[in-house]
Amino acid sequence: MHQRLLRLTGAATAVYGLAVARRPALLARPSGLTAPDGSVPAPVAACLRPLALRDAACGLAMALAPNDAALRTATAVRIASDLGDAALLATALPARRHRVMAVAVSVGWGALSVAGLLARPRGLSTRQVS
């Protein structure tokens, strides 16, 4: 497991989640969920904010996990959330280009977390890792 990569991924996730909770347009625009005038309809914002807060909570759990077991658990929750987002957004967004982009981003973040779980920190041999 590469703790630093996972903690940085968690911190980035938390910051982005808090930013989207504050300004849902950060996620609504690239997802094609804005009104024709570019504003975010209140029902869209109401749906995006809980997702953003979930991401912030998962990210904080990754960044602040007190030990390896907690970090693995927080990362597993993050991966499950990313894969769930990809599955849902693959069919729910209004335009194909938005669906493709959302799936790519969700799977990409999930893959980064998987890579962090599978990676061995530099300088450690197989025998040193337990």
Side-chain angles (χ1 to χ4, degrees):
M1 179 171 64
H2 195 294
Q3 281 190 2
R4 186 168 185 214
L5 174 60
L6 292 174
R7 291 185 188 286
L8 289 173
T9 300
T13 299
V15 168
Y16 181 70
L18 291 173
V20 170
R22 174 103 167 103
R23 296 200 56 211
L26 294 171
L27 181 56
R29 281 192 188 105
S31 299
L33 297 173
T34 55
D37 68 357
S39 66
V40 180
V44 171
C47 291
L48 294 180
R49 282 191 169 109
L51 294 175
L53 293 173
R54 176 208 66 194
D55 284 354
C58 289
L60 283 173
M62 288 172 69
L64 303 175
N67 55 51
D68 285 356
L71 181 55
R72 281 188 191 92
T73 301
T75 302
V77 170
R78 173 78 257 140
I79 293 165
S81 297
D82 288 330
L83 294 178
D85 290 350
L88 176 66
L89 298 174
T91 59
L93 294 180
R96 184 180 188 283
R97 69 184 171 102
H98 297 123
R99 291 189 300 268
V100 169
M101 185 167 59
V103 169
V105 169
S106 296
V107 170
W109 279 103
L112 183 61
S113 295
V114 169
L117 283 176
L118 299 177
R120 298 213 189 280
R122 282 188 223 164
L124 293 181
S125 71
T126 305
R127 290 182 187 192
Q128 290 173 311
V129 177
S130 49

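Sequence positions, counted from 1, serve as the residue numbers for this chain.
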Practice task
Measure the shortest side-chain to side-chain distance between Leu71 and Arg7 over non-hydrogen atoms and say whether it is less than 4.5 angstrom.
Solution key: yes
Exercise for the section: Report yes if some heavy atom in the side chain of Leu5 is under 4.5 Å from a heavy atom in the side chain of Leu112; otherwise report no. Expected result: yes
Exercise for the section: Report yes or no: do Leu26 and Leu48 belong to one cluster of Ile/Leu/Val/Met/Phe/Trp/Tyr joined by side chain heavy-atom distances under 4.5 Å? Expected result: yes
Exercise for the section: Can you measure from CZ (Arg72) to CG (Leu117) and round to the nearest 0.5 angstrom? Expected result: 7.5 Å
Problem - Same apolar cluster (I L V M F W Y, side chains within < 4.5 Å links), Leu6/Leu60 - result: no
Problem - Co-membership, hydrophobic cluster, residues Leu118 and Met62, 4.5 Å side-chain - result: yes
Problem - Contact summary for Leu27 and Ser31, nearest pair of heavy atoms - result: O-OG, 2.8 Å
Practice task
Would you mind reporting whether Leu93 and Leu33 have side-chain heavy atoms less than 4.5 Å apart?
Solution key: yes
Handout entry: Within 6.0 angstrom of Arg23 CZ, more than 12 heavy atoms from elsewhere
Key = no
Problem - Exercise: identify the closest heavy-atom pair between Pro24 and Arg49 - result: CD-NH2, 3.4 Å
Practice task
Determine the minimum heavy-atom distance between Ile79 and Ser113, stating which atoms define it.
Solution key: CG1-CB, 3.5 Å
Exercise for the section: Have a look at Arg78 and tell me which of Asp55, Thr13, Thr9 forms a side chain to side chain donor-acceptor pair (under 3.5 Å) with it. Expected result: Asp55
Exercise for the section: Report yes or no: do Val20 and Leu89 belong to one cluster of Ile/Leu/Val/Met/Phe/Trp/Tyr joined by side chain heavy-atom distances under 4.5 Å? Expected result: yes
Practice task
Check Ser39 against Asp37 and note the closest heavy-atom contact, atom names and distance.
Solution key: OG-OD1, 2.6 Å
Fill in the blank from the handout: For Ser106 and Asp85, the nearest pair of non-hydrogen atoms, with its separation, is OG-CB, 3.7 Å
Exercise for the section: For residues Ala45 and Val40, report the shortest heavy-atom separation together with the two atoms involved. Expected result: N-CG1, 3.8 Å
Handout entry: Gap separating the CZ atom of Arg29 from the OG1 atom of Thr34, nearest 0.5 angstrom
Key = 7.0 Å
Exercise for the section: Determine whether Val114 and Met1 fall in the same hydrophobic cluster, where Ile, Leu, Val, Met, Phe, Trp and Tyr are linked whenever their side-chain heavy atoms lie under 4.5 Å apart. Expected result: yes
